[in-house]
Amino acid sequence: MRKVFNFSAGPAVLPEEVLQQAAAEMLDWHGSGQSVMEMSHRGKEYMSIHAQAEADLRELMQIPSGYKVLFLQGGATLQFAQIPMNLMRGKASADYVNTGEWSKKAIKEAKLFGKVNIAASGEDRNFSYIPELSSWKLDPQAAYVHICSNETIGGVEFNWVPDTGDVPLVADLSSCFLSRPVDVARYGLLYGGAQKNIGPAGLTIVIVREDLLGFAPAGTPSVLDFKTQADNDSMLNTPPTYSIYLAGLVFQWLKRQGGIAAMEQRNIEKSALLYDYLDSTGFYNNPVAPKDRSRMNVPFTLKDAALDDTFLKGAQQRNMLQLKGHRSVGGMRASIYNAMPIEGVRALVQYMREFEKQHG
Ligand SMILES: *Cc1c(COP(=O)(O)O)cnc(C)c1O
């Protein structure tokens with residue numbers, strides 16, 4: 001067992017087994033005499049790693065044929081721009097649902113490429129809920145509808161898929177990728193940075209329906225055109241090879257855990273442990289509507305914010321790291337991604353109980 005539990009929102013904890021395997025293979029991958037980092041991205045060794053990673057991701061998510069998987073760079077933040085760049089398709093506007101800080105950033109970038117219609121917003125209640133579909137003002141002529149499936153900072157998560165009819169649904173999965181089954185066929189495009197739930201920073205995954213490719217306007221740089229990336233199997237230029245290799249090890253680890261459905265069960269169990277405790281006491285508070293609570297990122301406040309530093313110091317002494325909330329909301333945040341063992345959540349709840357006893 002590792003000596004700390006890392007509750008960081010991202011870059012975040014990775015499975016211990018995966019890190020050990022990467023360490024063992026660091027200097028000599030499968031007898032090649034090279035580290036994966038040193039390999040030509042066009043050589044047969046790396047090509048096999050790349051192809052296996054894609055095949056495993058397709059298997060885990062049951063990605064239908066007719067969708068391309070792209071391994072890109074630039075983070076989800078570049079996708080905030082690259083998506084409208086490629087998907088506006090000459091249309092006047094795109095619909096965005098504003099559920100928090102990451103939605104807002106996506107909206108800001110999209111405005112550089114066209115008109116943005118805010119179809120719904122949770123801002124009226126400080127982003128503590130997901131607005132119901134019946135209240136959304138969707139435009140049937142929109143280029144696409146964008147949602148953030150899990151708001152990493154606010155801790156609200158979609159546990160349902162909006163029906164957007166013929167308008168392609170686009171979702172930012174950065175912080176909930178592979179944490180629960182996703183019916184890919186209901187989306188036009190799914191994307192996310194790897195560093196929350198999949199692997200090291202530097203890799204961005206885009207899953208895009210093929211009929212949405214080829215609409216980037218003239219003048220789009222080739223590296224930013226989904227079609228040129230897809231036509232070149234994400235090897236238009238040097239891909240983030242080591243990050244893709246490590247993500248591939250995580251995919252294999254997920255398969256050994258029983259796949260995404262098994263992972264979801266564990267995530268339900270882990271998050272329930274924490275929410276049940278939070279709901280049982282007035283000493284701590286989570287502001288999110290129970291039906292919209294994130295299974296990945298659990299923000300909470302202490303009754304008395306003056307105790308925050310003491311709480312964090314005590315957590316650190318017990319080898320629980322990175323529990324400080326995002327600077328925009330304050331308080332605490334426990335990120336409990338796939339690789340966080342249930343023992344970590346138990347240790348946190350145990351500490352929270354003791355802290356309450358001492359200071360409540
Ligand atoms: C972290 C995060 C991002 C930004 O990711 P970068 O890789 O830093 O660009 C975007 N959306 C969500 C939901 C995130 O959690």
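Just follow the structure's listing: the first ligand is 1, and inside any ligand the first atom is 1.
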Problem set entry | Ring-face cation of K108 near W102 (centre distance under 6.0 Å, axis angle within 45°) | no
Exercise. Is there a donor-acceptor contact under 3.5 Å from the side chain of Y67 to the main chain of V184?
Worked result: yes
Exercise. So, H30 and S32: side-chain donor and acceptor under 3.5 Å apart, yes or no?
Worked result: no
Exercise. Is there a heavy atom of C148 sitting under 4.0 angstrom from any atom of ligand 1?
Worked result: yes
Problem set entry | Part of K105 within contact of ligand 1 (heavy atoms, under 4.0 Å) | neither
For this session: Give me the ring orientation class for Y242 and Y245: parallel if the planes are under 30° apart, tilted from 30 to 60°, perpendicular past 60°.
Result: tilted
Exercise. Can you tell which of Y277, F311, F7 makes a ring-ring contact (aromatic ring centres under 6.0 Å, His included) with Y351?
Worked result: F311
Exercise. What atoms of ligand 1 come closer than 4.0 angstrom to any heavy atom of T77?
Worked result: 4 (C), 6 (P), 9 (O)
Exercise. Quick one: which ligand 1 atoms are inside 4.0 Å of a heavy atom on G75?
Worked result: 7 (O), 9 (O)
Seminar exercise, completed: Per-atom filter on ligand 1: closer than 4.0 angstrom to a heavy atom of T152 are 12 (C), 13 (C), 14 (C), 15 (O)
Problem set entry | Proximal atoms of ligand 1 relative to F80 (non-hydrogen, under 4.0 Å) | 10 (C), 11 (N)
For this session: Around atom 11 (N) of ligand 1, find the nearest protein heavy atom and jot down its residue, atom name and distance.
Result: D172 OD2, 2.6 Å
For this session: Could you tell me the residue and atom name of the protein heavy atom closest to atom 7 (O) of ligand 1, and the distance to it rounded to 0.1 Å?
Result: Q195 NE2, 2.8 Å
For this session: Could you verify whether a donor N or O on one side chain and an acceptor N or O on the other, from R293 and N286, lie under 3.5 Å apart?
Result: yes
Exercise. Taking atom types as modelled, is there a side-chain donor on E17 or Q20 under 3.5 Å from an acceptor on the other?
Worked result: no
Problem set entry | Min heavy-atom dist N150 to ligand 1 below 4.0 Å | yes
Exercise. Parallel, tilted or perpendicular for Y96 and H146, by the 30°/60° rule?
Worked result: parallel
For this session: Identify the protein heavy atom lying closest to atom 14 (C) of ligand 1, giving its residue, its atom name and the separation to 0.1 Å.
Result: K196 NZ, 2.9 Å
Problem set entry | Which of the ligand 1 atoms, numbered from 1, are nearer than 4.0 Å to a heavy atom of A76 | 3 (C), 4 (C), 5 (O), 6 (P), 7 (O), 9 (O), 10 (C)
